[in-house]
Amino acid sequence: MELRGNFTSRIGFILAAAGSAVGLGNIWRFPYLAGQNGGAAFLLIYLIFIFLLCFPVLVGEIAIGRSAGRDAYGSYSLLGGKRWGYLGIFGILAGIFILSFYNVVAGWAFGYFLEISFGNLLGEPDFGKFFGNYVNDISDNLWFSLGFMVITALIVSRGIQKGVEAANKIMMPALYTILILLILYSLTLPNAWAGVRFYLVPELNEINSQTIYDGLKQAFFSLSLGMGCLITYGSYVGKTQNIIKSAAIISVADAMVAFLAGFMIFPMVFSQNISPTEGPALVFIVLPDVFRDMGPLLGRIIGGSFFLLLCFAALTSTISLLEVPTTYVVDQLKFRRTRVVWFLALLIFILGLPTMFSQGMIPALNKLPFYLNRDWLSFVSDMCDISLTVGGCLMCIFIVRQWKIHNMDAELVNGNPGYMNSFMRKYLHVMITWVCPVLLGGLSVLIIDRYFGLGVFF
Ligand code: PHE
């Protein structure tokens, strides 16, 4: 059997976990959700969820993973018996489905990066039309998302230290640097401060149930919670590391990128007098307009850097998404990592095909029947969102009822001798025993009810 290996250092783990967290969710989805939900009001809700509800779940997941030292299924079943192992399987499946559509969107970003860098994109007269054709051009889509999956698989197949950790150590600092440079530039644009105001001054009457649901699902997705990703990464963490401290840094690093992405995008959007409520098209249709107006050379540099940033962010997340089922198969079936990685990459790429076809190419996938009533991409991504909050809720129940919270404490003391007498311990107990499961469970039920229009509560 191959040795599992560990992250070599605290910073290696933190960068990898932050890399998983920081992704399309922060740079693509967060700004458009914020744009649709009143800007600052959404930011506020999102930050409250990250630090209040998500942080304890993050700590819990890492503790489970490090304690058991196995994949998501193996960890749950080792600590809680086979029945709880299904919770791990549920998470692994959610991860596989997330990667299936995530990789397609990452492929769009990759394609845009290449098109802008080679100077093709900015000559387009109408980006709305361009994007519509682009997502329907099967050959481009196939190549770009296949390319993205191959890069992901190449990195994951090299293992935790030489692949995952090494790639994150390069890409994460690069990502922050590009982001800061782009913000500095975007603040110099005309009318930039109107964008900053929209983003920073909350109109509290903008907060409604939709803001709360969107904030919750975004916070969970953004921190990669509820599907065993952090159990998997946690299983490669050494016993001397302070989990609480690492989790705090990971949460801040993730929230910071979402926050900064808004700082970069809203000034750009407002400088063009465009409405920030464009939705998913914001990054692919609105921003290219902004880049074109910068002139051919600057547009290519700034636009190219933006899409490179998006690709780096996506790649550090696809790596973690592929790692989850990979660790599962390697741990459970003891197959060679390289083979497992390529097999899973191919399988998930194929699972992503309906997403590719759902943007207009195949009408039945563009508008699913009955209650579903949306395209396949939105459907799968919504289902995954729901499964993350449900997964987070069940994880809390697992810790309290099965694993027992004193075992979590015993795990958290490693690397953090002062934990037993800390306020943090009391806080985590209250949150994981009561607040998180009740709120996550309750909100998940409301979201499902609203989503399928069941009308039980609305
Ligand atoms: N957190 C990633 C993002 O924000 C997405 C992701 C979800 C990655 C779940 C891994 C697991 O884009």
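In each ligand, atom 1 is the first atom listed, and ligand 1 is the first ligand listed.
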Given [options], which one has a non-hydrogen atom that is nearest to [atom]?
atom	options	value
atom 2 (C) of ligand 1	G23, G25, S20	S20
atom 4 (O) of ligand 1	A18, A21, G228	A21
atom 11 (C) of ligand 1	V324, L321, L230	L321

Against heavy atoms of [X], which atoms of ligand 1 measure under 4.0 Å?
X	value
S320	10 (C)
S222	1 (N), 4 (O)
S317	2 (C)

| field | Residue pair F291 / F307, side-chain heavy-atom distance below 4.5 Å | value | yes

| field | Check: I447 and D385 side chains under 4.5 Å, non-hydrogen atoms | value |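 No; the side chains remain at least 4.5 Å from each other.
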
| request: May I ask you to identify, for R29, whether its side chain, its backbone, both or neither come under 4.0 Å of ligand 1 on a heavy-atom basis? | output: neither

| task | Would you mind telling me if ligand 1 is within reach of the side chain of Y102, the backbone, both or neither, using heavy atoms under 4.0 Å? | result |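 The answer is the side chain of Y102.
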
| Partner of E165 under side chain to side chain donor-acceptor pair (under 3.5 Å), chosen from K162, K169, Q161 |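 When K162, K169, Q161 are each tested with E165, the side chain to side chain donor-acceptor pair (under 3.5 Å) holds only for K169.
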
| request: Tell me which protein heavy atom sits closest to atom 7 (C) of ligand 1, plus the residue, atom name and distance to 0.1 Å. | output: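 The answer is F221 O, 3.5 Å.
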
| Looking at atom 8 (C) of ligand 1, what's its closest protein heavy atom, distance included? |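 Result for atom 8 (C) of ligand 1: S224 OG, 3.4 Å.
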
| Minimal non-hydrogen separation, A258 against N26, with atom names | N-ND2, 3.7 Å

| message | Checking the N or O distance criterion of under 3.5 Å, is ligand 1 in contact with L223? | response | no

| Any side-chain donor near an acceptor of the partner, S251 and D254, under 3.5 Å | no

| said: Is it true that S222 and Q218 share a donor-acceptor pair across their side chains at a distance under 3.5 Å? | reply: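 Distance-only check fails for Q218 and S222.
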
| said: Classify the ring geometry of Y112 against F130: parallel below 30°, tilted from 30° to 60°, perpendicular beyond 60°. | reply: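 Taking F130 first and then Y112, their aromatic rings stand perpendicular (interplane angle over 60°).
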
| query | Out of curiosity, I265 CD1 to I27 CD1, how far, rounded to the nearest 0.5 Å? | reply |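 Rounded to the nearest 0.5 Å, the CD1-CD1 separation comes to 7.5 Å.
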
